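In what follows, a single structure is set out as structure tokens and then discussed.
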Number of protein chains: 2
Amino acid sequence: MPAPRARRSAGRPHQRVLTQENITAAALEVIGSRGYEGFTMSSLAAKLQVAPSALYNHAASKQEVLRWIQDDLMAEVDVSAFASEPWEQAVRVWARSYRSVFVRHTPLIPVIAVLQVSGAPRTLAMYEAVTAGFLRAGWQEAAIVPAIVALESFIFGSAFDAVAPEDIFDTGSLADQSPLFTSAVAAAHAREGGKGAEEAFEAGLDAVVRGFSGQLPVPGHA
Amino acid sequence: MPAPRARRSAGRPHQRVLTQENITAAALEVIGSRGYEGFTMSSLAAKLQVAPSALYNHAASKQEVLRWIQDDLMAEVDVSAFASEPWEQAVRVWARSYRSVFVRHTPLIPVIAVLQVSGAPRTLAMYEAVTAGFLRAGWQEAAIVPAIVALESFIFGSAFDAVAPEDIFDTGSLADQSPLFTSAVAAAHAREGGKGAEEAFEAGLDAVVRGFSGQLPVPGHA
DNA sequence: ACCTGAACACCGTTCAAGT
DNA sequence: ACCTGAACACCGTTCAAGT
């Protein structure tokens with residue numbers, strides 16, 4: 001005679017496995033070990049020890065899972081400097097952190113571009129902290145959102161650039177058709193020694209930040 | 001009694017159909033009418049009136065076809081201003097043109113990031129013209145490539161942003177958790193009236209260009 | 001309420017067989 | 001040399017059937 005089933009018995013609630021948090025965490029594990037090419041609904045289900053079709057009781061689509069990941073990652077972006085540092089310094093800290101998070105997740109960038117902020121609380125929290133920092137620095141309200149969007153565009157573009165092969169600008173057999181560019185590539189390479197993406201990001205960041213700074217009230221003169 | 005086959009007869013050479021140019025042109029037609037979601041090796045083959053497997057005698061993969069398209073589009077980018085206008089003006093013309101071409105082709109952006117310039121003659125020609133303009137403006141050689149890469153990053157990021165829905169920043173039910181950002185979004189929207197991406201691009205372009213300009217020799221003082 | 005297993009409608013790509 | 005047709009090894013997603 002079998003014992004009465006223990007499942008759902010002892011008064012403690014049934015342990016839900018396929019929550020948004022668990023799915024997101026499992027997805028990040030799969031991506032971490034197998035990359036985005038290896039991240040399929042099948043591999044995600046396997047990690048959770050469940051049939052692929054079971055996922056669709058909790059997520060509407062793979063796109064939705066990607067949105068969960070995206071919002072999760074936003075919490076890793078460092079916005080702390082906006083509460084304490086001067087604006088120029090704070091934007092640099094934020095931009096470097098933002099880029100470094102998404103360099104490892106470039107396939108998400110097309111997802112971000114479509115991400116509705118109303119369903120992404122951590123993304124929204126980041127924007128709130130950044131906006132607070134801009135206001136504190138004396139930015140006029142209507143100029144803040146365009147500036148944030150412009151900075152984000154630069155950050156996402158730079159994240160893509162960071163995953164490009166180093167030798168992308170080798171002109172090869174076409175060198176004689178592009179003497180100026182070929183020489184410029186050699187000069188840049190001689191100076192930076194293989195960290196081209198980093199150098200380009202810092203140069204661009206410097207330019208945007210100083211460009212924006214130029215139209216701000218001088219601190220202490222408000 | 002059948003007539004002798006006319007095929008390959010009359011002394012004129014056999015008309016090749018599946019050339020790189022023809023495939024690229026057909027691909028652009030398919031993308032133009034059905035978008036990138038509708039662009040498959042199957043739909044491309046149908047446009048060329050050929051079996052899908054026939055394509056693999058001329059292109060190694062779908063990725064290669066995408067690279068052909070990418071290089072083809074680069075020829076549309078307007079670099080003419082670098083030959084005549086002052087640097088600031090020329091970069092703006094180039095950047096706007098570059099962005100407007102790839103706004104309609106954002107799925108190519110991840111392809112570009114990996115595109116070897118040695119196999120992309122039109123891309124290389126663009127870089128050559130841009131480099132010439134930078135040199136003419138007095139840029140030091142080693143700073144040119146990082147600056148171009150930074151500008152490109154901003155342009156690609158902005159192209160992504162341009163295809164995002166307008167209401168992406170509606171905070172919805174989370175508005176009370178993000179009062180500063182919600183208010184900033186409203187202020188921006190009141191000023192620009194729905195052309196947010198354009199405004200952000202112009203603001204960012206202005207900042208980078210002025211930021212870079214600040215470290216250039218004054219024209220006429222060389 | 002939520003899981004399984006089978007099925008569906010696709011993909012890109014390969015390859016033997018033809019001409 | 002280059003095309004066809006069939007096949008392969010996948011995808012994401014749906015859905016009837018179970019518990």
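Note that the coordinates shown come from a computational prediction; the quantities given were computed from them, not determined experimentally. Convention: sequence-line order gives letters A, B, ...; per-chain numbering from 1.
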Stepwise side chain to side chain donor-acceptor pair (under 3.5 Å) check, B:Tyr127 with B:Glu152: CA-CA 11 Å; B:Tyr127 286 135; B:Glu152 266 188 322; 2.6 Å; yes
Side chains of residues 153-161 of chain B: which donor-acceptor partners sit under 3.5 Å, not counting sequence neighbours?
residue  : atom : partner  : partner atom : Å
B:Ser153 : OG   : B:Val149 : O            : 3.0
B:Ser158 : OG   : B:Phe154 : O            : 2.8

A:Asp170 and B:Ser118 side chains, donor-acceptor separation under 3.5 Å: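 Absent: no donor and acceptor within the cut-off.
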Donor-acceptor side-chain pairing of A:Thr171 and A:Thr182 below 3.5 angstrom: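 Yes.
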Plane angle bin for A:Phe39 and A:Tyr36 - parallel if under 30°, tilted between 30 and 60°, otherwise perpendicular: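 A:Tyr36 vs A:Phe39 ring planes: perpendicular.
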Contact pattern, 5' to 3', of nucleotides 9-15 of chain C - B, S or - by protein heavy atom under 4.0 Å: --SSBBB
Rounded to the Å, how far apart are [X] [atom1] and [N] [atom2]?
X       : N     : atom1 : atom2 : answer
A:Leu18 : C:dC3 : CG    : C1'   : 9 Å
A:Asn57 : C:dC2 : CG    : P     : 7 Å
A:His58 : C:dA1 : NE2   : P     : 12 Å
B:Leu55 : D:dA1 : CG    : C1'   : 16 Å

Pairing residues for B:Glu199 by the side-chain hydrogen bond (donor to acceptor under 3.5 Å, both in side chains) criterion, not counting sequence neighbours: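 Once residues adjacent in sequence are excluded, the partners of B:Glu199 under the side-chain hydrogen bond (donor to acceptor under 3.5 Å, both in side chains) criterion are B:Arg191.
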G-U wobble or Watson-Crick pairing nucleotide for C:dC15 (cut-off 3.5 Å, both distances):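 C:dC15 is paired, partner D:dG5.
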For D:dC10, the Watson-Crick or wobble counterpart (both distances under 3.5 Å):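 Matched D:dC10 with nothing under the 3.5 Å cut-off.
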